[in-house]
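Everything on this sheet refers to the single structure shown next.
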Amino acid sequence: MTVEFVGMIGTQHASEIHAPSSPVIDPAYTRRFARAHEDAGFDRILIGYGSGWPEGGQVAAHVAAHTERLGLLVAHRPGFVAPTLAARTFATLDQLSGGRVAVHTITGGNDHEQRRDGDYLGKDERYARTDEYLEILRRAWTSPEPFDYEGTYYRFEDFAAHVQPAHRIPLYFGGSSAAAYRVGGKHADTFALWGEPLRETAEQIASVRAAAEAAGRAEPPGISVSFRPILGPTEELAWERAHAILDTITTGRADWPRRAWGTDGKPENTGSQRLLAAAAKGDLHDRALWTAPARATGAGGNSTALVGTPETVAQALLDYVDLGVTTLLIRGYDPLDDAIDYGRHLLPLVRQELARRESLVGVR
């Protein structure tokens, strides 16, 4: 079985425990960060989306020019540009990068954050709009002939894209609500979840697969889960580091992510609510899942950790693979250094075990 590893980069050195100390866009750091992921053996890097953040497509183009094989997973919110323009934008980037582009669709789960970009639709309407948007994207990337479209949110005539992608661009999709399951189950190649306990993750996977079946799909989408691994050479040192990270978060020494994500108060999106519900049941779940950072940050973004030695965390990741997970998105609280450490100590262990299992299947 092949499992994809996805990292995440930013354009400056910053995290929940590191306040920004450089310009918002530091080109040299961005290049170094991306190359660290390529050298570490990651398959892709996620380039995130925020209403005030650097534009992800241009960041991806910069990264593509300074890496050789690293995949580019560009987070994208439907509704702010026409889907016909988005189709041409991503197809152009895919051609220029040699077929390395994937698109991560984020419909949006915070009304205040949406309004910063001028979007005043409610959640259900946003998902209905995303449904049309993704239908148009895929058709624009594959239609050999001009086509018309008339829907609730989009209408155009005689659209013809003269630029086509260099490969079939994968669509990733994030969300945890019933509307997300319905739309993502219909369109996504990979459905992205945040790191919940195993039982709750299995329930979400079942919901995604049921939605895909209801949409008439012969094969369900792949499943991604996201974690913040905290590694140490021993269990004791890993937990010592974990509690030092939590202390920095809770004392507010680098509280900018909460403000950036707009997560003050009760979160509106189902994914964050689910992480906080897991945290309310206890800090430690299953083999190594630690939910205290989610509670401390208001669960803005993926914020649950896996804590332990590389061997412990590798086995914890494999527990999710055993549920049917096909993509593992991991990023650290010390973003650049952790990416390097994951490549040295974590990714090889997971891949070695997967190869061992594959060899046993071949023997049988």
Side-chain angles (χ1 to χ4, degrees), residues 1-8 42-49 56-57 60 64 69-78 83 86-95 97-108 127 129-143 161 164-195 201-202 204-226 271 302 320-321 323-330 354:
M1 167 180 194
T2 300
V3 172
E4 177 184 55
F5 277 99
V6 178
M8 183 174 180
F42 281 84
D43 299 291
R44 301 184 191 276
I45 48 169
L46 173 63
I47 299 165
Y49 185 102
R69 58 150 198 90
L70 190 63
L72 309 165
L73 179 55
V74 184
H76 181 68
R77 280 187 190 166
R88 301 197 305 277
T89 299
F90 288 121
T92 301
L93 179 59
D94 197 51
Q95 287 285 349
S97 66
R100 290 194 270 161
V101 171
V103 176
H104 181 49
T105 306
I106 303 173
T107 298
Y127 274 104
R129 179 180 62 191
T130 294
D131 190 7
E132 289 189 9
Y133 196 97
L134 295 181
E135 179 183 338
I136 294 166
L137 270 188
R138 186 58 78 193
R139 189 171 177 186
W141 288 334
T142 57
S143 177
Q164 295 292 320
H167 80 314
R168 183 184 185 278
I169 294 179
L171 289 175
Y172 291 61
F173 190 98
S176 292
S177 65
Y181 297 148
R182 182 176 65 255
V183 178
K186 177 180 178 182
H187 294 285
D189 294 296
T190 298
F191 196 104
L193 305 170
W194 286 337
T201 300
Q204 288 216 75
I205 292 173
S207 296
V208 171
R209 289 175 174 171
E213 183 177 358
R217 294 181 59 170
E219 295 290 335
I223 299 292
S224 171
V225 289
S226 303
N302 65 308
Y320 287 87
V321 172
L323 292 180
V325 167
T326 56
T327 294
L328 298 167
L329 195 160
I330 56 174
L354 292 172

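Everything numeric in this text was worked out from a predicted model, so none of it was measured.
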Are the side chains of [X] and [Y] in touch, meaning some heavy atoms are under 4.5 Å apart?
X: R44; Y: Y172; answer: yes
X: L134; Y: T105; answer: yes
X: V6; Y: L328; answer: no
X: I45; Y: F5; answer: no
X: L46; Y: H104; answer: yes

Over all heavy atoms of both residues, which pair between [X] and [Y] is shortest? Give the atoms and the distance, please.
X: P165; Y: A91; answer: N-CB, 3.7 Å
X: L93; Y: A60; answer: CD2-CB, 3.8 Å
X: T326; Y: G222; answer: OG1-CA, 3.4 Å
X: V325; Y: I205; answer: CG2-CD1, 4.3 Å
X: H187; Y: E135; answer: CE1-N, 3.7 Å
X: L72; Y: A64; answer: CD1-CB, 3.8 Å

Step through it carefully: locate the ring centre of H76, locate the ring centre of Y133, and say whether they are under 6.0 Å apart.
-> yes
How far does [atom1] of [X] sit from [atom2] of [Y], to the nearest 0.5 angstrom?
X: E213; Y: E219; atom1: CD; atom2: CD; result: 11.5 Å
X: S224; Y: E4; atom1: OG; atom2: CD; result: 7.5 Å
X: F191; Y: R209; atom1: CZ; atom2: CZ; result: 12.5 Å

Quick one: does [X]'s side chain have a donor or acceptor within less than 3.5 Å of a partner on [Y]'s backbone?
X: R138; Y: I169; value: yes
X: T190; Y: I223; value: no
X: D189; Y: P170; value: no
X: D94; Y: A166; value: yes
X: D43; Y: L70; value: no
X: R100; Y: S97; value: yes
X: W194; Y: V225; value: no

Under 30°, 30 to 60°, or over 60°: which ring-plane class applies to Y127 and F173, parallel, tilted or perpendicular?
-> tilted
Examine the side chains of S176 and Q204 and answer whether a donor and an acceptor come within less than 3.5 Å of each other.
-> yes
Begin from the C-alpha positions of L73 and I47 and carry the test side chain to side chain contact (heavy atoms under 4.5 Å, CB included) through to its verdict.
-> CA-CA 6 Å; L73 179 55; I47 299 165; over 6 Å; no
